[in-house]
*Asks:* 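My questions all concern the structure below.
Keep in mind it's a predicted model, so treat the numbers as computed, not measured. Every heavy atom of this structure was used, including side-chain atoms; hydrogens, water molecules and symmetry mates were not.
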Amino acid sequence: MAAQKAGNIHVHDGVSADDFIAMRGARDATLAPPLLILPSLQVNIAAGELPPADAKGRRFLRMPLQGV
C-alpha cells in the first residue's frame, strides 16, 4: 500500500474521491473500448458458459455488426 500511495498518479495522499472520479472520467473518455470486450461480455452474461458446439465440435461467439 505504501508503494502505491507513493508512486500511483491516480491514488495518493491528497486526492479526494471526487478528484479521482473526475480524473478517471476524463482519461477514460479518450480510450478506445477494450479489444475483447464483446466476447468477454457474452461469456460473462452467460455465467461463464460457452455457446453449444456445432456438428464439428466448434464453438462460436457472435459479433454484432454496426450500420448494417
*Asks:* I need the minimum non-hydrogen distance between Phe60 and Asp54, along with the two atoms involved.
*Replies:* CE1-OD2, 3.4 Å

*Asks:* Show me the donor-acceptor pairs within less than 3.5 Å that the side chains of residues 41-49 make with the rest of the protein, sequence neighbours left out.
*Replies:*
from: Gln42; atom 1: OE1; to: Arg62; atom 2: N; distance (Å): 3.1
from: Gln42; atom 1: NE2; to: Arg62; atom 2: O; distance (Å): 2.4
from: Asn44; atom 1: ND2; to: Ser40; atom 2: O; distance (Å): 3.3

*Asks:* So which heavy atom on Pro39 is nearest to which on Leu61, and how close?
*Replies:* CB-CD1, 3.6 Å

*Asks:* Name the atoms and distances for all side-chain donor-acceptor pairs under 3.5 Å in residues 26-38, with sequence neighbours left out.
*Replies:*
from: Asp28; atom 1: OD1; to: Arg24; atom 2: NE; distance (Å): 3.4
from: Asp28; atom 1: OD1; to: Arg24; atom 2: NH2; distance (Å): 3.2
from: Thr30; atom 1: OG1; to: Arg27; atom 2: O; distance (Å): 2.7

